[in-house]
Every structure is written in structure tokens, then in C-alpha cells.
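Written below as C-alpha cells is the structure these notes are about.
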Amino acid sequence: MAQPASPAASPTLFATYNRAPMTFVRGEGCWLTDDAGARWLDFSAGVAVNSLGHAHPHLVAALTEQAGKLWHLANIHRVPGQEELSRRYCEHTFADRVFFTNSGAEAIECAIKTARRYHFVKGHPERTTVLTFEGAFHGRTLAAIAAGGQAKYLEGFGPKVQGFEQLPFADHKALEAFDMGTVAAILIEPVQGEGGIRPVPAQCLRGLRDLCDRTGALMIFDEIQTGIGRTGYLLAHEKSGVTPDIVAIAKGMGGGFPVGACLATEEAASGMTAGTHGTTYGGNPLAMAVGNAVLDVVLENGFLDHVRDVSLYLWQGLGAIMAAHPDVIETVRGEGLMIGLKCKVENTRLHLAMRAENMLAVMAGDNVVRLLPPLVATREDAREALDRIGRACAAISAENAAAPSKAAPQAA
Ligand SMILES: *Cc1c(COP(=O)(O)O)cnc(C)c1O
């Protein structure tokens, strides 16, 4: 259904977004300042992108220093920042090889191409199918919307790109029954983001790994939202003990500078030989300087412990709010600082009630409001967040008490 245009809608931009009416002019850490000078608590982090908050001094210094030296080099040259950043990702993850991109969707495209090329050079050109799961989100390119499989993103954009099959979420029987003969790869988010912060249990990831091992399919994790410390691990899948063949990352890795990457084992990347893939901007020196600066901070001793500590504190407080307002919040779910508040009321109501408290969060599928704070959020920031969420829930509970019919959830 068409939404009414936002009051702040621009007549010269594509109307693809219903934009919020606030205009932010600067940021610092977890806080944004709008054009009227009001302060806002940012627990959206540009949808999990501003991993180190706004205007982090180390990132500002890295970017401005690089800006005075060299902005761009074609990928026919060696780019020192790429060599350093790839070496660091390989040292700290399962990967042996890295391809840098400008966005998440490009990282997914590279992951899919890598998986298909792998089978092609192994003499199995028929293995092209990419198996995904209901509720998935993998980006907005034509192939990525086919991978995501959501009708609302496919409608009107012509024939769906072939080679993608989707199974229900957590349906083991459907998976067992699926003919894996033409499957190139299984593609899955360890925690579904846009789909509503739905974590995939470790035993399911292990089951998928076993299935891939038995059938020769590759395992691709979409860690574009879950990666770079978001869940308290550098990559979210580490907690499960499962080792993938290919991983796409992006959002948090540039802390706000556009950069993504496809990580792969030596074996999985074996088909990606000279000339098979390319990018003009991917891995550009500015992005690499910032990407290295983000890793400086995230890999610092104790940083991921800090993420887990603040997350524990938030989770405890959210549990108490849920207990006090069972008419507003049904469950709290997720991992680390990737938190979903599954609502009893329509999620837009909680989202707007939080906005009335000058706090930003992000909507998600399955009637969820997402909390994706900068990873540098302190306990004091978390306390602020809990106070504001508590007041937002109290306002909704009061409305519910005054007009009980409004409390009923909308039809799913
Ligand atoms: C945001 C996101 C993407 C797409 O990333 P873009 O940079 O917008 O192309 C893909 N997968 C997941 C899980 C995401 O959260």
C-alpha cells in the first residue's frame, strides 16, 4: 500500500524512502544533534553502520590523513591499504582471500559468483542454485532481491533472476527433501536482520554445515549486518563453531564509510582467477584507510568484551521493561548489540513513541523494532536508552488502558 509522503519529502529525489521529519547536522558517539539543536540518542547507528559511533576521532584522523595523500587507484595497481586490510581479516577470521566492494549487495553478488565459479572450474557447471531462507534480506540488486525472495522487493522489476530457491525458516524436513544436486551454495544470515532479528540456532548452522559437507555445496554467511563485532564476536558465526566457505561483510566495517568485502577460503575462491570479476571503486584507498582504522579499534584488547558487557546490561534492563509492559513488548531477541523488540502492539507505535523520547531505533519485519547502537555505547548510554524505552512503553501502556481496542495487534 502506498504510504503518504513524508512532510520532509524532496521533490527532486526518487520517492523510494518515507523519510523521518528530523534533520541531523552533526553527531558524536551515540548522540546526534538536529538542526534545532536538540540531542537524540542514536540506537540505529545508520542501520548497524556507525559501528564506532559518530565522528570517532581515530576514524576522522585516518580518513583526513588519507584524503591528503591519495584517493583513488584503479585495481590494476597494488593498493597497500587493501593488502593490509585483507591480511588482517585473514588473520582474524576463517578467510584466506578477500575481495573488497563498496556495499553489502556487491559483497553478496561476489559471494554468489565465487560459489558458482568454484563449481564451474571443478567441472560442475550445473551447480548454480543458491538456496536461501524465508525472511532473508541480501540487498537490492536484481540478484540480491531474487536471493532475498521477498515479493515486496521483487514486484514490478521484471523477471526474477534465475537460480535462487527459498525454503521456510527452520524447516528441517523441507531441507532434507531438497535435491542438492544442482545447489552451488546455501546462503544464510546467522541472525536475520531486516527479517526481524531472528537468530539461527547454532545446531541449525551445524546441520547446514553437515549438509554442505555431504553434498558438496558451499556455505555462505551474509554477515553484512551481524559482522564486525555487532554480536560480541568479530563475525557472528564464530560463536557457533561452524566454519563457512564464504562470508559477505559490509555495514560495520567502514563505520560509515562505504565499504564491503567478500571473504573466502583458498578453496572456495579458486575459481576467481584474473579477469573473472572486478570493481572500479572497491577497495579504494580512502575506504581501506577507514576499514583499517575500524579494525584497530574493534581488535583492541577488551573491545568485544565491552560490547558483551553493555549488551548484557541492556538485555537485563529490556527484560525488566518487557515484564512491566507485557502489553507492548512480547519478546526480546537477538545477539549482543543486535537486539529485536518483538511488539505486541504495532511496531510503528513503539518506534514513534521512542522517537517522541528523542531516541532512534530501526523497524524490522515480523513486527519488530531493532536496537543497533554503536558498539562504543557505554553503560550510561544504555541506561539512557532504557529510560527512554521505558517511558515510551509507559506511554503506550497508558494509551492501551485508555482505549483497549487499540492494543490489539494488527493482522499478521
Ligand atoms: C544491509 C544488508 C544488505 C545490503 O547491503 P547494502 O550495502 O545496502 O547493499 C545485505 N544483507 C544484509 C543482511 C543486510 O543487512
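Hydrogens, waters and symmetry mates are skipped; everything else that's a heavy atom, side chains included, is used. All residue numbers refer to positions in the sequence shown, counting from 1.
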State, with a plain yes or no, whether a side-chain heavy atom of Glu238 is found less than 4.5 Å away from one of Phe94. no
Do any N or O atoms from the side chain of Gln150 and from the backbone of Ile145 form a donor-acceptor pair under 3.5 angstrom? no
Test salt bridge (charged side-chain N to carboxylate O under 4.0 Å, His left out) on Asp210 and Arg206; report intermediate values, then the result. CA-CA 6 Å; Asp210 288 345; Arg206 283 195 285 274; over 6 Å; no
Give me the ring orientation class for His72 and Tyr281: parallel if the planes are under 30° apart, tilted from 30 to 60°, perpendicular past 60°. perpendicular
Rounding to 0.5 Å, atoms CD (Glu335) and OH (Tyr233) come to a distance of 7.0 Å
Judged by atom type as modelled, is there a donor-acceptor pair below 3.5 Å linking the side chain of Thr132 to the main-chain atoms of Ala147? yes
Exercise: identify the closest heavy-atom pair between Trp315 and Gly334: CH2-N, 3.4 Å
What one should report as the nearest heavy-atom pair of Ala105 and Thr141 is CB-CG2, 3.7 Å
Taking the side chain as C-beta and beyond, is there a heavy-atom pair between Ser311 and Leu337 under 4.5 Å? yes
Between Asp34 and Thr23, is there a side-chain heavy-atom distance shorter than 4.5 Å? no
Looking at Asn358 and Trp40, would you say the former's side chain and the latter's main chain have a donor-acceptor pair under 3.5 Å? no
Short side-chain to backbone donor-acceptor contact, Asp222 and Leu187, under 3.5 Å: no
Take Asn400 and Ile396, measure what side chain to side chain contact (heavy atoms under 4.5 Å, CB included) needs, and give me the verdict at the end. CA-CA 6 Å; Asn400 285 350; Ile396 294 173; 3.9 Å; yes
Return the CG to CG distance between Leu175 and Leu131, rounded to the nearest 0.5 Å. 6.5 Å
Mind checking whether Met363 and Thr348 have side chains closer than 4.5 Å, heavy atoms only? yes
Check the surroundings of atom CD in Glu126: do more than 12 heavy atoms from other residues, nucleotides or ligands lie under 6.0 Å from it? yes
N-O pairing of Glu134 and Arg198 below 4.0 Å: no
Go through the steps for Val332 and Leu341 under the test side chain to side chain contact (heavy atoms under 4.5 Å, CB included), then give the verdict. CA-CA 5 Å; Val332 181; Leu341 308 177; 4.1 Å; yes
Evaluate the side chain to side chain contact (heavy atoms under 4.5 Å, CB included) criterion for residues Val242 and Met219: first the C-alpha distance (whole Å), next the side-chain angles of each, then the deciding distance (0.1 Å), finally the verdict. CA-CA 10 Å; Val242 171; Met219 185 166 204; 4.0 Å; yes
Should Glu109 and Lys113 count as an ion pair when the cut-off is N to O under 4.0 Å? no
Taking side chain as C-beta onward, heavy atoms only, is Arg140 less than 4.5 Å from Thr16? no
I'd like to know if the side chain of Arg308 and the backbone of Gly232 have a donor-acceptor N/O pair within less than 3.5 Å. yes
Check His237 against Phe221 and note the closest heavy-atom contact, atom names and distance. CB-CE1, 3.4 Å
Distance-only polar pair, side chains of Gln82 and Asn75, donor-acceptor under 3.5 Å: yes
From CD1 (Ile197) to CZ (Arg333), nearest 0.5 Å: 8.0 Å
Do the non-hydrogen side-chain atoms of Glu223 and Leu263 ever get within less than 4.5 Å of each other? no
Backbone of Gly181 reached by a side-chain donor or acceptor of Asp179 within 3.5 Å: yes
So which heavy atom on His54 is nearest to which on Asp42, and how close? NE2-OD2, 2.7 Å
Give a yes or no on this: more than 12 heavy atoms of other residues, nucleotides or ligands lie within 6.0 Å of atom CZ of Phe24. yes
Could you tell me the separation between the OG atom of Ser86 and the CG atom of Asp96, rounded to the nearest 0.5 Å? 11.0 Å
Given 3.5 Å as the limit, does a donor-acceptor pair link the side chain of Glu106 with the main chain of Gly260, or not? no
Looking at Arg97, I want to see if its CZ is surrounded by more than 12 non-hydrogen atoms of other residues, nucleotides or ligands under 6.0 Å. no
For residues Thr276 and Gly271, report the shortest heavy-atom separation together with the two atoms involved. CG2-O, 3.9 Å
Calculate, to the nearest 0.5 Å, the distance between atoms CD and NE2 belonging to Glu346 and His351 respectively. 13.0 Å
Could you tell me which residues satisfy salt bridge (charged side-chain N to carboxylate O under 4.0 Å, His left out) with Arg87, sequence neighbours excluded, listed by chain and number? Glu91
Is there a side-chain contact between Pro244 and Ile220, using heavy atoms and a 4.5 Å cut-off? no
N/O donor to acceptor pairs below 3.5 angstrom from side-chain atoms of residues 286-303, sequence neighbours left out:
residue : atom : partner : partner atom : Å
Asn292  : OD1  : Arg88   : NH1          : 3.0
Asn292  : ND2  : Gly81   : O            : 3.4
Asn292  : ND2  : Met288  : O            : 3.1
Asp296  : OD1  : Arg88   : NH1          : 3.1
Asp296  : OD1  : Arg88   : NH2          : 2.8
Asp296  : OD2  : His58   : NE2          : 2.8

Any side-chain heavy atom of Val345 sitting closer than 4.5 Å to one from Glu399? no
Side-chain H-bond candidate by donor/acceptor type, Asp245 with Thr265, under 3.5 Å: no
Check whether NZ of the Lys or CZ of the Arg Arg370 lies under 6.0 Å from the centre of the six-membered ring of Phe43 and within 45 degrees of that ring's axis. no
Locate the shortest heavy-atom distance separating Ile246 from Ala111; write the atom from each residue and the value. CG2-CB, 3.6 Å
Atom pair CG/CD1 of Leu318 and Ile339 - distance to nearest 0.5 Å: 5.5 Å
Tell me if a side-chain donor or acceptor on Asn367 pairs with a main-chain N or O of Lys342 at a distance below 3.5 Å. no
Test side chain to side chain contact (heavy atoms under 4.5 Å, CB included) on Leu32 and Arg39 and set out the steps. CA-CA 6 Å; Leu32 286 166; Arg39 274 166 50 89; over 6 Å; no
Among Val247, Leu235, Val191, Ile249, which residue meets the side chain to side chain contact (heavy atoms under 4.5 Å, CB included) test with Thr226? Val191
In Arg230, Gln192, Glu194, the residue satisfying side-chain hydrogen bond (donor to acceptor under 3.5 Å, both in side chains) with Gln225 is Glu194
Exam field: side chain Lys251 to backbone Gly104, donor-acceptor pair closer than 3.5 Å: no
